[in-house]
Number of protein chains: 2
Amino acid sequence: MDKSDQSVERVKKDISRYIELPEEEWLLFKSHLNFLALQKGEFLHKAGNKTNRIYFTLKGCIRTYNLKDGKEKNYNFHFEDDWYAPYYSILTDKACSLNAQAIEDTELFYLTIQDLNQMYELGKNWQKLGRLLAEKVFIEKEKKEEQLRFNNPEEHYKLLLMEKPRFVNRVQQYHLASYLDISPETLSRIRNRLRNQ
Amino acid sequence: MDKSDQSVERVKKDISRYIELPEEEWLLFKSHLNFLALQKGEFLHKAGNKTNRIYFTLKGCIRTYNLKDGKEKNYNFHFEDDWYAPYYSILTDKACSLNAQAIEDTELFYLTIQDLNQMYELGKNWQKLGRLLAEKVFIEKEKKEEQLRFNNPEEHYKLLLMEKPRFVNRVQQYHLASYLDISPETLSRIRNRLRNQ
DNA sequence: ACTATTTATTGATCCAAATCAATTTAATTA
DNA sequence: TAATTAAATTGATTTGGATCAATAAATAGT
């Protein structure tokens with residue numbers, strides 16, 4: 001598979017959820033898209049470098065994580081039809097602190113922030129897209145913070161089960177534990193408890 | 001004091017940091033601004049209502065917090081020249097989960113999201129402002145999450161000391177503790193430790 | 001299908017921070 | 001400025017989850 005019509009249509013459809021998309025602007029956007037395939041285990045990018053790409057996931061799963069004192073902490077997971085960008089790095093123009101690794105065989109499109117900025121220049125529609133996407137990641141983040149602060153691990157896991165079934169179904173337990181900021185042992189015990197009740 | 005030239009100029013100056021601001025657009029924006037003064041202890045808004053205002057702080061301090069099981073958890077503090085909006089509520093059009101209270105005598109300007117949306121319609125400059133502000137709160141949030149996850153309370157407090165001196169200097173210790181997600185006793189012990197070394 | 005390796009489970013121990021309780025210090029208010 | 005209330009400190013105790021350790025189950029590789 002590559003930049004087939006079918007794949008590109010999925011991007012178009014997603015963008016159309018946010019803004020009106022005149023055909024000629026879409027064609028310009030489309031021309032910026034590049035295809036990328038990763039095998040399970042391969043890296044999209046590693047911390048320490050500046051990255052300037054915005055990704056759209058076609059299939060598979062990307063895990064992002066921070067590394068500190070030799071320990072990994074998972075930051076997020078991105079599945080098919082999710083956008084992903086090392087936002088903080090791009091916005092602040094600092095080296096990226098996230099590592100991004102495929103934990104399934106994964107296919108993506110990407111464009112660069114420079115290309116996106118070019119789109120922003122086209123007018124308020126594209127600025128609006130930028131605003132809406134920024135607002136969306138903000139909202140996600142907001143939710144996660146609240147859940148981290150107000151719920152104990154068990155409640156947090158239950159919420160995840162409801163709100164992000166893909167996380168629970170497709171991600172290994174020790175990765176999930178790291179995402180929830182608990183040890184794998186604790187997550188195992190939580191699941192055990194939930195099973196027996 | 002009220003909508004004096006001097007106060008309004010501070011808003012203009014701040015917006016100009018983000019976008020070019022033609023005089024006639026500024027005049028329109030300015031006409032949307034309303035003045036509000038609160039005494040220490042008074043509330044800007046309470047959880048459970050929909051709020052649609054975006055605030056610019058002229059002086060004083062606003063504390064925002066969540067309430068769960070009768071316990072307060074401080075979410076943020078806003079001082080002079082800070083923007084504040086119950087972003088999540090405005091963006092999702094859900095009832096606000098935050099309470100906002102003046103913890104010093106406080107003066108603010110506000111405009112409604114409807115007014116801001118009207119500004120957005122003027123063109124890409126204003127959409128850009130919206131985007132940049134959304135990106136800014138996102139970055140703030142991102143930083144805080146990272147600090148919460150990777151640092152123990154003592155390290156977290158030291159970072160706050162460096163990065164947000166206004167928090168440490170002007171906010172009561174038990175409010176700060178709640179913001180840092182630790183008990184007041186723990187914060188007191190941290191400060192004690194730092195004093196004796 | 002068998003082996004090696006990785007991941008998940010279960011139990012025992014430990015520890016950082018929470019909670020509980022009492023006292024001192026600081027801030028309000030009469 | 002004295003009296004009252006609120007906030008901060010300090011000590012004792014408890015606890016939820018981490019860490020350590022050993023085993024079982026699952027996955028990947030041959």
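So that the names make sense, note that chain A is the first sequence line, chain B the second, and so on, each numbered from 1.
Following chains of ILVMFWY side-chain contacts shorter than 4.5 Å, one can reach A/L129 starting from A/F109, so the two form part of one hydrophobic cluster. In this structure, A/F43 is not a member of the same hydrophobic cluster as A/L58, with clusters built from ILVMFWY side-chain heavy atoms closer than 4.5 Å.
Relative ring orientation between B/H78 and B/Y84 is described as tilted, the plane-to-plane angle lying within the 30° to 60° band.
An angle of 60°, rounded to 10°, separates the two end axes of the helix from C/dA1-D/dT30 to C/dA30-D/dT1, each defined over five pairs.
Within residues 150-163 of chain B, the residues having any heavy atom closer than 4.0 Å to DNA chain C are, in order of number, B/N152, B/P153.
B/L194 has its CG atom 15 Å from the C1' atom of D/dT9, to the nearest Å. Separating the CZ atom of B/R191 from the P atom of D/dA8 is a distance of 8 Å, rounded to the nearest angstrom.
Take A/L161 and apply the side-chain contact (heavy atoms from CB on, under 4.5 Å) test, not counting sequence neighbours, and it matches A/Y157, A/V168. Contacts of B/E163 classified as salt bridge (charged side-chain N to carboxylate O under 4.0 Å, His left out), with partners at least two apart in sequence or in another chain: none.
Members clustered with B/L148: none, using a 4.5 Å side-chain heavy-atom cutoff among hydrophobic residues.
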Protein-to-nucleotide contact annotation, 5' to 3' order, nucleotides 18-30 of chain C [B base; S sugar-phosphate only; - none; under 4.0 Å, heavy atom]:
SBB-------S--
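Look at A/K124 and B/E121 and you find a salt bridge, because one of the NZ, NE, NH1 or NH2 atoms lies within 4.0 Å of a carboxylate O, short of that distance.
Without hydrogens or angle criteria, A/N34 side chain to A/H32 main chain gives a donor-acceptor distance under 3.5 Å.
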